[in-house]
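Have a look at the structure below, then the notes.
All chains are named by letter (A, B, ...) in the order of the sequence lines, taking the proteins before the strands, and each is independently numbered beginning at 1.
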There are 2 protein chains.
Amino acid sequence: MRDVAAAAGVSLKTVSRVVNGEDFVRPDTAERVHSAIARLGFQRNDLARTLRGGGRTRSIGLIIEDVANPFYSQIARGVEDVARAGGRLVISGSSDEDPARELLLIRSLCERRVDGLLIVPSETGDPRLRAELIAGTPAVFLDRPPGPGGPADTEPRNDTVPPNDTVLIDNVGGARTAVEHLLAHGHRRIACLVDLPEIFTARQRHQGYLEALAANGVPADPTLVRTGRHDVRGAGHAMTELLALPDPPTAVFAGNNLLTVGALRAIGAAGTRVALVGFDDFELADLLATPVTVVAHEPADMGRQAAHLLEARIRGDARPPARILLPTRLIVRGSGEIPPSQG
Amino acid sequence: MRDVAAAAGVSLKTVSRVVNGEDFVRPDTAERVHSAIARLGFQRNDLARTLRGGGRTRSIGLIIEDVANPFYSQIARGVEDVARAGGRLVISGSSDEDPARELLLIRSLCERRVDGLLIVPSETGDPRLRAELIAGTPAVFLDRPPGPGGPADTEPRNDTVPPNDTVLIDNVGGARTAVEHLLAHGHRRIACLVDLPEIFTARQRHQGYLEALAANGVPADPTLVRTGRHDVRGAGHAMTELLALPDPPTAVFAGNNLLTVGALRAIGAAGTRVALVGFDDFELADLLATPVTVVAHEPADMGRQAAHLLEARIRGDARPPARILLPTRLIVRGSGEIPPSQG
DNA sequence: GTCGTCTATGACAACGTTGTCAAAGCACCC
DNA sequence: GGGTGCTTTGACAACGTTGTCATAGACGAC
């Protein structure tokens with residue numbers, strides 16, 4: 001900018017005025033400045049601008065588990081759309097469920113003075129460390145609450161962690177719906193594939209599964225529950241084991257999109273006909289050999305709602321923390337309506 | 001930092017030394033500073049740090065078409081992994097193939113002084129405007145070259161635009177392989193679904209289709225080629241039209257993941273048996289009613305390679321621009337091996 | 001005692017902006 | 001002629017860091 005000022009024969013401040021389109025610059029002066037800018041290829045330095053203004057960086061941080069997972073990339077898209085409307089860019093990072101990586105991302109983002117943070121918290125670290133880092137930066141949590149949460153609480157205990165806005169899916173209700181759908185089709189031996197027990201959504205969906213059984217007087221068989229599967233391969237192995245049981249399940253509830261895919265692969269490989277309802281919708285679910293019945297929701301909408309809450313906080317909204325619970329809906333496609341086979 | 005210095009009873013510079021782990025600070029002084037930092041919750045301001053250092057922001061910009069498209073989110077993941085290794089964060093934005101949006105993103109990112117840019121260029125804007133904006137910032141292009149490119153050139157003309165590193169897929173070769181596979185299975189009436197003709201990859205894949213036909217002495221029938229389809233729905237309509245022709249195709253080559261899905265939907269709805277080979281692999285392609293034969297490649301690898309090139313440029317590499325062509329491979333799954341029906 | 005060397009600390013400028021304030025120039029009016 | 005108000009411009013400080021240089025004290029060697 002100094003160079004532009006020199007080239008145009010004006011002061012720094014005048015260049016600043018022109019760049020920012022302020023009033024009270026004579027048209028011919030502005031013209032001289034503009035041509036100097038074009039000649040020198042000047043671009044305003046936003047860092048200095050933010051520093052001086054004491055102000056906003058017009059960016060927000062987004063921490064998810066893995067951007068390559070469609071669930072998270074849809075969230076990212078929703079977030080981006082709202083951020084864009086607010087004139088902000090999104091700096092995103094994948095934590096891979098690694099608390100150290102998550103803390104490092106949070107620290108980097110806060111040191112860069114993002115205007116706010118959107119976090120899908122990893123669940124294996126100490127929430128207080130995280131809380132300490134984000135102190136002072138508006139933050140909204142997605143998909144999982146920031147605190148430890150009880151083993152299967154709908155309202156997790158947040159005593160140790162300051163409360164934040166949180167946007168969740170109705171995991172318990174969705175899982176219950178899925179399992180009740182299978183029960184309604186005559187199944188009694190229903191398997192349950194869920195993610196790592198540390199993960200809030202896994203616990204909640206497991207709870208929904210148990211509630212549905214209990215509410216319908218079906219005894220829960222622990223051998224049919226496989227927790228701790230975090231990827232397609234793990235889910236596939238678990239499903240293969242389940243199908244090899246002496247008294248195998250006639251139906252499965254799969255706790256997320258990756259686990260559903262794993263289960264489908266294993267079922268396909270075994271050549272068995274097993275009913276399946278999955279949590280999370282996914283592309284092409286309707287075109288599979290047996291179209292897949294799922295508990296669907298809108299990840300992009302979760303991203304949008306969280307970004308809106310964050311936007312409000314950034315603007316100074318001081319209302320008590322909100323907790324939004326997004327609905328799910330059952331999409332009936334075929335796999336969930338397979339009747340129990342006579343084992 | 002000023003407050004920390006005051007609280008610890010030392011100078012600004014000493015706090016700076018402690019924060020940056022420099023030598024020549026007495027342990028007890030460092031301890032006083034650390035406790036003041038903890039007490040006040042101080043976090044270093046990275047903006048000021050970068051400004052003063054005249055240095056790197058340790059961030060790179062990534063401009064893709066749509067992060068919600070798995071093709072691009074896999075690229076994003078590859079980019080992120082390499083950026084992370086280089087200690088950088090990724091600021092990403094979706095251009096939605098809108099040149100105005102793309103320019104705005106580029107401008108924002110450059111003004112934020114990202115260390116470099118990774119761009120999947122939109123093709124409907126003026127490449128010179130883009131070139132002007134990125135002047136001075138290292139940039140690498142992904143999936144498409146920055147210049148206009150000839151209507152079907154393998155090596156596009158870049159006369160008007162300064163050359164940059166570019167990482168492309170072997171679109172012509174991949175498309176050729178796909179179509180030759182169909183020809184080898186006896187098909188002569190092979191339809192071709194491709195994206196907007198402005199888009200480089202669409203032109204190249206179209207060209208590969210034509211080359212395969214020509215090389216095998218099969219006359220090209222223009223009524224079997226549908227260009228300008230940019231989403232699932234558009235591809236579905238086109239496919240439905242093709243199937244309704246008096247002399248319908250017995251096979252289809254679908255030019256990308258979205259078009260493949262659209263074609264599959266239309267074929268499923270029509271209940272016809274038509275051979276299909278798609279460009280881009282996708283999750284569950286193997287589990288569909290008829291598993292889908294595809295021309296596969298590694299989007300994450302494209303992201304990684306581009307990010308590596310960018311990293312080198314940021315470090316000052318001044319070699320002439322590289323052009324990397326990533327290989328494709330045909331994955332045979334069933335849909336491409338359906339024989340021609342007796343129409 | 002004096003010099004040199006090394007450790008530990010601080011003062012100050014600078015990075016590239018913009019907000020504040022002052023001032024110069026001009027037109028207008030009494 | 002002098003006051004008033006408006007437009008246009010610029011000087012300067014400040015944002016929060018860190019690099020450069022200076023200084024003060026401790027220690028050992030001569």
Whole-Å distance, F24(B) CZ to dC21(D) P, equals 16 Å
Spacing between D23(A) atom CG and dC6(D) atom C1', to the nearest angstrom
13 Å
Test R39(B) against D3(B) for salt bridge (charged side-chain N to carboxylate O under 4.0 Å, His left out), laying out the working first.
CA-CA 11 Å; R39(B) 200 162 59 247; D3(B) 300 336; over 6 Å; no
Is it true that E132(A) and R128(A) have a side-chain N and a carboxylate O under 4.0 angstrom from each other?
no
Checking salt bridge (charged side-chain N to carboxylate O under 4.0 Å, His left out) for the pair R77(A)/D66(B): CA distance, chi angles, key distance, verdict?
CA-CA 8 Å; R77(A) 181 60 209 235; D66(B) 176 13; 2.8 Å; yes
Please check the phosphate of dA11(D) (OP1 and OP2 only) for any side-chain N or O of S11(A) closer than 4.0 Å.
no
No-hydrogen, no-angle side-chain donor-acceptor test under 3.5 Å, E102(A) and S122(A):
yes
Taken in chain and number order and not counting sequence neighbours, the residues that satisfy ring-ring contact (aromatic ring centres under 6.0 Å, His included) with F71(A) are H297(A)
Could you check R313(B), R56(B), R315(B) and say which one makes a salt bridge (Lys or Arg N to Asp or Glu O under 4.0 Å) with D115(B)?
R56(B)
Please classify the nucleic acid contact of T29(B) as base, sugar-phosphate, or nothing, using heavy-atom distances under 4.0 Å.
sugar-phosphate
Thinking salt bridges, do D23(A) and R17(A) make one under a 4.0 Å N-O criterion?
no
Taking the axis from the first five pairs and the axis from the last five, what angle separates them in the helix from dG1(C)-dC30(D) to dC30(C)-dG1(D), rounded to 10 degrees?
70°
What is the minimum heavy-atom distance between A5(B) and V15(B), and which atoms define it?
CA-CG2, 3.5 Å
Protein N or O to nucleotides 14-20 of chain C N or O, pairs below 3.5 Å:
unit_1  : atom_1 : unit_2 : atom_2 : d
dA14(C) : N3     : R52(B) : NH1    : 3.1
dC15(C) : OP2    : R2(A)  : NH2    : 3.2
dC15(C) : O2     : R52(B) : N      : 3.1
dG16(C) : N2     : A48(A) : O      : 3.4
dT17(C) : OP1    : N45(A) : N      : 3.1
dT18(C) : OP1    : N20(A) : OD1    : 3.3
dT18(C) : OP1    : N20(A) : ND2    : 3.1
dT18(C) : OP1    : R49(A) : NH1    : 2.7
dT18(C) : OP2    : S16(A) : OG     : 2.7
dT18(C) : OP2    : N20(A) : ND2    : 3.1
dT18(C) : O2     : R52(A) : NH1    : 2.5
dG19(C) : O4'    : R52(A) : NH2    : 3.1
dG19(C) : N7     : K13(A) : NZ     : 2.8

